[in-house]
Amino acid sequence: MSRTPRTPCGALRIAQAGQSVDVYGWVHRRRDLGGLIFIDVRDRSGIVQVKFDPVHAQAHATGGELRLETVIHVHGPVVQRPAGTENKELPTGAIEIDAQAVDILNRAQPPPFAVNEDGVVDEQLRLRYRYLDLRRQRMARNLQLRHRIAKAIRDFLDDEGFVEIETPVLIRSTPEGARDYLVPSRLNPGHVYALAQSPQLYKQLLMVAGMDRYFQIVRCYRDEDQRADRQPEFTQLDLEMSFVAEDDVLDVVERCFAHVWKQVLGVVVPTPIRRLTHVDALLRYGVDKPDLRYGLEIQELSSIFAGTEFKIFRQALGAGGVVRGLRIPRTVGGKEIDALTEAARADGAKGLAFWHREAQGWRSPITKFFTERELAGLEQATHAQPGDVVVAVADRPEVAAAALGSVRKAAARSLGLIDEGALEFVWVTEFPLFERSKETGEVTAAHHPFTSPRPEDIALLASEPLRVRARAYDLVLNGTELGSGSIRIHDPEMQQRVFSGLGMTRDDAERRFGFLLNAFRYGAPPHGGFAYGLDRVVMLAAGEQTIREVIAFPKNQQAEEVMTDAPAPADPKQLRELGLELVRPTLKQGR
RNA sequence: GGCCCCGUGGUGUAGCGGUCUAACAUGCCUCCCUGUCACGGAGGAGAUCGGCGGUUCGAAUCCGCUCGGGGUCGCCA
């Protein structure tokens, strides 16, 4: 048979009519009419119809043997389809290949699930036969989308003068942050590497090295429990820049996003992306990653109820708490109020006050406890119209914020206020530098310990560390945190002060981060950067619900790769070589 | 570790105390069919309902435990 170059199936158009071509691919579908046989041949570029006419007896006989997913090579001319038989659903629908010869390159067993459609299939089964799953149109599209996004990022950053530099995956373990994956060192018995959770320190050292503008599309490893948007190994777009302040980093990142969305999806992301301080985000939306596809802003009502007789509000305010509420521009029934109350309770609120705004005034079980003045104030603050409902929480500021944040989200969902097609990016800036750990009560870094405090708050470092704001920022899309970054510390003394704010002694700091402090002593430029989860971004761009749908070979919730059955029991010989011994060699039961 | 959801021929579903010796679609096998495109038509094979135990005269259907999968909270500096 001929050896002309391979033609991608999906590329054939009417313009190629008359040319002889060779296509290679999988049998996607067969329609055997008895005489004529039609076979759709698929490769990753698309589908083309091949006609087997009894005139070409040899080819026709082979065509009759073909089964789904058989790998074939077809040779023949591209011909225009007879008038009226074109398929307008297919890009290649105006033509077909008139098979003069066909090779069966490999026969296929019937697949365990339909490869030629995108219907729902048990995910375990899909993962076990991932190579078949990836043949399906949706997955092939997702992987190619991912490639195009990564390429758009690289093109953009290259144009902006960034250099992609690889950093080590096997690194020193640091106890902060997520649990590390450990890798024992054969040459250093008893010593371990950790798989990098992020290239953070290396990229800062690249700035000290004068690389100026660095980026990397990099695999990161975190040994934590899995979620729809969390895998043990995931990919970050990581970047760092020297001689910059917040605006410079935000500008590059948002233009990069705009470029990617334009290039890949043809969608315009308006820039500059709006910004919100962390304090405002909590006050107005109750969360640090607000979904701005809908309104329902939270309002501060404390001053209105400053002198209230209503015991619940009075007690909350007396204890230093706040009263905040939000107006729901709809009549909400008792059942829905119950659901909202449940949402508020889940975040620690004791309850949810509510008032129905009617033509004649307010109606609520608690109206009688309020003065005319208070109710007038409520009306003025919320601009409630007849038919609206106003809900409120009285509690400590953080509880009120969280509870109303959840109420806001639940109300938007149940009332259908979310515009699913909208893309609402927002920067959340001025995060706190430190936070108090919920379980241990210790002061920990809110972002990471290399984040610079805001200059005007430096004086508070020793006295009121929790009030210090950081030069840190998050990028949020539709209520999902895409990534975060900060302007870093580049001064060894400042770095020491932040370490000591975290309870580290000078010796601790020198022992664990001496290399960084040392580097800063040799002329470190001011620098800052950003990183975001590429898997999540691709997931959102693809309209998928989990990042597993945009990863070729993902792991399941137990962090297993079910196709190759990893992880596998440790080989005693390997353990011996590493100087390791299992304390409790309990092995999971085989499947 | 907690909570929630799911588990019926290869695949996707229906059935939710007796008429289920389990239905439908698709896939698979055989035959017919020369313009189909989720081709069409005729016929056939294929599941004891994840597993174990219990309730009941009777269980795919109810209950308990268990295994497997997923979601989520904790966790993810």
Side-chain angles (χ1 to χ4, degrees), chain A residues 28-41 47-55 60 63-64 67-69 79 81-90 92-94 96 98 108-129 132-133 136 174-180 197-198 200-201 220-232 234 346-347 406 431-435 437-440 442-451 470 472 481 484 486 498-499 502 504 531 533 545-546 548 556-558 560 562 588-591:
Chain A
H28 184 70
R29 237 176 254 289
R30 47 189 292 258
R31 293 177 291 280
D32 184 342
L33 308 195
L36 284 178
I37 299 168
F38 295 100
I39 299 286
D40 290 339
V41 181
I47 290 166
V48 68
Q49 173 167 287
V50 174
K51 177 183 73 171
F52 293 90
D53 194 303
V55 169
H60 184 263
R67 292 295 175 267
L68 297 183
E69 299 310 312
V79 298
R81 296 198 195 181
T85 66
E86 303 89 349
N87 184 345
K88 295 195 171 56
E89 304 294 309
L90 281 180
T92 59
E96 62 198 0
D98 184 13
Q109 292 179 14
F113 53 86
V115 172
N116 58 13
E117 50 188 59
D118 284 331
V120 177
V121 177
D122 177 69
E123 195 175 4
Q124 177 97 354
L125 191 69
R126 290 174 56 202
L127 291 179
R128 193 168 304 142
Y129 296 93
L132 296 180
D133 191 37
R136 304 207 294 169
T174 54
E176 295 92 1
R179 208 170 284 118
D180 278 328
Q197 292 186 30
S198 87
Q200 182 60 35
L201 288 164
C220 301
Y221 305 85
R222 294 181 188 172
D223 185 7
E224 295 292 348
D225 285 359
Q226 310 308 304
R227 289 289 187 282
D229 60 356
R230 269 165 35 190
Q231 282 273 302
F234 64 100
D347 281 301
S406 297
F431 271 76
L433 187 64
F434 300 118
E435 63 190 11
S437 158
K438 261 176 251 162
E439 69 268 29
T440 65
E442 288 166 3
V443 171
T444 59
H447 181 51
H448 58 55
F450 319 110
T451 301
E481 181 199 320
S484 58
S486 63
V498 169
F499 282 153
L502 292 166
M504 241 184 273
Q545 298 299 311
T546 90
R548 296 189 298 277
N556 70 6
Q557 200 164 63
Q558 277 60 247
E560 297 158 335
V562 297
K588 230 180 122 174
Q589 294 297 308
R591 274 187 264 297

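Here is how names work: the chains are called A, B, and so on, in the same order as the sequence lines, proteins then strands, and each is numbered from 1.
Taking 4.0 angstrom as the limit, A:Gln558 places a side-chain polar atom (N or O) nearer than this to OP1 or OP2 of B:rG69. Taking side-chain N and O atoms only, A:Arg227 has no distance below 4.0 Å to OP1 or OP2 of B:rG74. For B:rU72, neither phosphate oxygen OP1 nor OP2 lies less than 4.0 angstrom from any side-chain nitrogen or oxygen of A:Arg230.
For the C1' atoms, the distance from B:rA14 to B:rG9 is 14 Å, rounded to whole Å. Comparing B:rA23 with B:rU8, their C1' atoms are spaced 11 Å from each other, to the whole Å. Separating the P atom of B:rC20 from that of B:rC6 is a span of 26 Å, rounded to the nearest Å. Nucleotides B:rA45 and B:rG58, compared at atom P, are 32 Å apart to the nearest Å. Between B:rU72 and B:rC62, the two C1' atoms lie 28 Å apart (nearest whole Å). Separation of the P atoms belonging to B:rG44 and B:rA25 is 14 Å when rounded to the nearest angstrom. Taking atom C1' on both nucleotides, B:rU21 is separated from B:rA59 by 16 Å, rounded to a whole Å. Between the P atoms of B:rG35 and B:rG41, the separation comes to 16 Å (whole Å).
Here A:Phe113 does not count as stacked on B:rU11, because the ring centres are not under 5.5 angstrom apart with planes under 30°.
The nearest whole Å value for the distance from the CD1 atom in A:Ile39 to the P atom in B:rU34 is 16 Å. One interatomic measurement links the two molecules: CG of A:Asp225 to P of B:rG69, which rounds to 14 Å at whole-angstrom precision.
Using a cut-off of 4.0 Å between Lys/Arg side-chain N and Asp/Glu carboxylate O, A:Asp225 and A:Arg230 are scored as not salt-bridged.
With both pairing distances under 3.5 Å, B:rG43 is matched to B:rC29 as a Watson-Crick or G-U wobble pair.
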